[in-house]
Structures are given as C-alpha cells and as structure tokens.
Amino acid sequence: QVQLVESGGGLVQPGGSLRLSCAASGSFVSANLMAWDRQVPGKERELVASITSNGETKYADTVKGRFTISRDNDKNTIYLQMNSLKPEDTAVYYCRAQIRRSLFNSMRDFWGQGAQVTVSS
C-alpha cells in the first residue's frame, strides 16, 4: 500500500509564508515525478509545481518567483515553500507522485488527502 501524507497547511495573512511537506510511504520500488496540485471549489485541479527524481522543476506561471519545490529522495519527501502568499493562493493543495510499486507494475499516480491553505487577513 502506498500513502502520501501531507502536512503544513493552515491560515496565513497575505504576504506571509507557509511550507508544505509530503512524504511517500509504503511498498514501492521508485518514485519518479512528484508534484503539488491545488483545487478551489468549482474549479478544475491545477498544477502548481513539479519535480523529477533528478531535480528538474516546473512551475505554474502564477507562482513563479514565489513558490519553491524541493525534494529529498532519501526520504521520498517533497516540500513546497510558499512565500508572498496572496488570497488567490487559497485552495486545497494535493501532493501527487508517479510511483512504481514493483518491477512488474507500470508507473501510476497516487495522491495525498489534501492540505487546506487559506490566505486571508
């Protein structure tokens, strides 16, 4: 069983910072792309940032220069440092990982349970 466990969400004032963490646990042989997506009620889920196992990153235009994704491969953990937060960053943030459970399985996506981030004064 593979689990992605997120932590670090909460309430912050505009201009503030938060750091999200996501740890992958369970039985698997490799984790390739890992990412943070976010979703606002009534809207589609959107990619925020992604990072490959060799550290290549991508960001949504709306968060470039403010958010930083990083990864600890030894701990199968990714982080999202969010600075200069804006009210429009308010959303549920989901961790996503492409994981191969065994040599006999193909890569597939797994998601965490979501972490609420609220930016409000």
Side-chain angles (χ1 to χ4, degrees):
Q1 188 79 355
V2 174
Q3 280 191 316
L4 300 181
V5 179
E6 299 135 339
S7 61
L11 172 65
V12 65
Q13 292 186 343
S17 298
L18 279 177
R19 189 189 194 213
L20 301 179
S21 300
C22 171
S25 63
S27 178
F28 57 92
V29 297
S30 63
N32 187 15
L33 186 80
M34 298 184 76
W36 291 98
D37 301 323
R38 68 186 180 187
Q39 189 168 24
V40 176
K43 292 189 176 181
E44 290 188 358
R45 193 172 296 190
E46 63 176 3
L47 173 70
V48 175
S50 65
I51 185 166
T52 64
S53 57
N54 60 10
E56 294 178 7
T57 59
K58 288 186 180 180
Y59 294 93
D61 288 342
T62 53
V63 307
K64 280 181 182 177
R66 300 188 297 121
F67 291 11
T68 302
I69 189 170
S70 59
R71 179 170 180 160
D72 184 334
N73 286 329
D74 291 337
K75 296 180 179 178
N76 292 310
T77 298
I78 60 170
Y79 307 94
L80 186 68
Q81 179 65 42
M82 303 184 289
N83 298 329
S84 302
L85 282 159
K86 304 175 182 180
E88 51 264 44
D89 294 317
T90 296
V92 178
Y93 285 70
Y94 296 91
C95 175
R96 171 167 52 94
Q98 290 180 347
I99 287 177
R100 186 188 301 276
R101 295 183 64 184
S102 77
L103 295 178
F104 304 102
N105 296 117
S106 57
M107 285 279 186
R108 58 156 284 194
D109 282 341
F110 289 83
W111 283 269
Q113 79 283 0
Q116 177 69 46
V117 172
T118 302
V119 185
S120 175
S121 55

Check your understanding: Do the side chains of Ile78 and Val92 join up, straight or via other hydrophobic residues, at under 4.5 Å, putting them in one cluster?
Key ->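 Not linked; separate clusters.
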Point to revise | Transitive ILVMFWY side-chain link Leu20 to Leu4, under 4.5 Å | key: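 The answer is no; the residues belong to distinct hydrophobic clusters.
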Check your understanding: Above 12 or not: heavy atoms from other molecules or residues under 6.0 Å from CD of Glu88?
Key ->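 Enclosed: over 12 neighbouring heavy atoms sit under 6.0 Å from CD of Glu88.
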Review point. Who are the side-chain hydrogen bond (donor to acceptor under 3.5 Å, both in side chains) partners of Gln3, not counting sequence neighbours?
Key: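 Scan of Gln3 (side-chain hydrogen bond (donor to acceptor under 3.5 Å, both in side chains), adjacent residues dropped) gives none.
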Practice item. Measure from NZ or CZ of Arg96 to the centre of the six-membered ring of Tyr94 and say whether it is under 6.0 Å with the direction within 45° of the ring axis. Key: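 Here Arg96 fails the 6.0 Å and 45° test against Tyr94.
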Review point. Any cation-pi pair here, Arg100 with Phe28, using under 6.0 Å and within 45°?
Key: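 No, a cation-pi geometry is absent between Arg100 and Phe28.
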Quick one: disulfide bond (SG atoms under 2.5 Å apart) pairs with a partner in [range], sequence neighbours left out?
| range | answer |
| --- | --- |
| residues 25-56 | none |
| residues 10-97 | Cys22-Cys95 |
| residues 40-79 | none |
| residues 34-82 | none |

Pairs of donor and acceptor atoms involving the side chains of residues 111-121, under 3.5 Å and at least two apart or interchain, shall be tabulated with distances.
| from | atom 1 | to | atom 2 | distance (Å) |
| --- | --- | --- | --- | --- |
| Gln116 | NE2 | Ala91 | O | 3.4 |
| Gln116 | NE2 | Thr118 | OG1 | 3.3 |

Determine whether [X] and [Y] make a side-chain contact, defined as any pair of heavy atoms from C-beta on separated by less than 4.5 Å.
| X | Y | answer |
| --- | --- | --- |
| Tyr93 | Asp37 | no |
| Val63 | Arg38 | yes |
| Glu6 | Trp36 | yes |
| Leu18 | Leu85 | yes |

Linking Ile, Leu, Val, Met, Phe, Trp and Tyr through side-chain heavy atoms less than 4.5 Å apart, which residues share a cluster with [X]?
| X | result |
| --- | --- |
| Phe104 | none |
| Val29 | none |
| Leu103 | none |

Exercise for review: Let me see the working for Ile99 and Met107 under side chain to side chain contact (heavy atoms under 4.5 Å, CB included), right down to the final yes or no.
Suggested key: CA-CA 5 Å; Ile99 287 177; Met107 285 279 186; 5.5 Å; no
Point to revise | Gap separating the CE atom of Met34 from the CG atom of Asp109, nearest 0.5 angstrom | key: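 Result: 11.0 Å between the selected atoms.
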Practice item. Please identify each residue that fulfils salt bridge (Lys or Arg N to Asp or Glu O under 4.0 Å) with Lys43, with sequence neighbours left out. Key: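 Salt bridge (Lys or Arg N to Asp or Glu O under 4.0 Å) list for Lys43, sorted by chain: empty.
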Review point. If you look only at pairs with a residue in residues 10-20, which of them pass as a side-chain hydrogen bond (donor to acceptor under 3.5 Å, both in side chains), with sequence neighbours excluded?
Key: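 Sorted result for residues 10-20: Ser17-Asn83.
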Side-chain polar contacts of residues 66-76 - donor-acceptor pairs under 3.5 angstrom, sequence neighbours left out - could you list them?
| from | atom 1 | to | atom 2 | distance (Å) |
| --- | --- | --- | --- | --- |
| Arg66 | NH1 | Ser84 | O | 3.0 |
| Arg66 | NH1 | Asp89 | OD2 | 2.7 |
| Arg66 | NH2 | Thr62 | O | 2.8 |
| Arg66 | NH2 | Asp89 | OD1 | 3.0 |
| Arg66 | NH2 | Asp89 | OD2 | 3.4 |
| Arg71 | NE | Asn73 | OD1 | 2.6 |
| Arg71 | NH1 | Asn32 | O | 2.5 |
| Arg71 | NH1 | Ile51 | O | 3.2 |
| Arg71 | NH1 | Thr52 | O | 3.4 |
| Arg71 | NH2 | Ala31 | O | 2.7 |
| Arg71 | NH2 | Asn32 | O | 3.0 |
| Asp72 | OD1 | Asp74 | N | 3.1 |
| Asp72 | OD1 | Lys75 | N | 3.3 |
| Asn73 | ND2 | Ser53 | O | 2.9 |

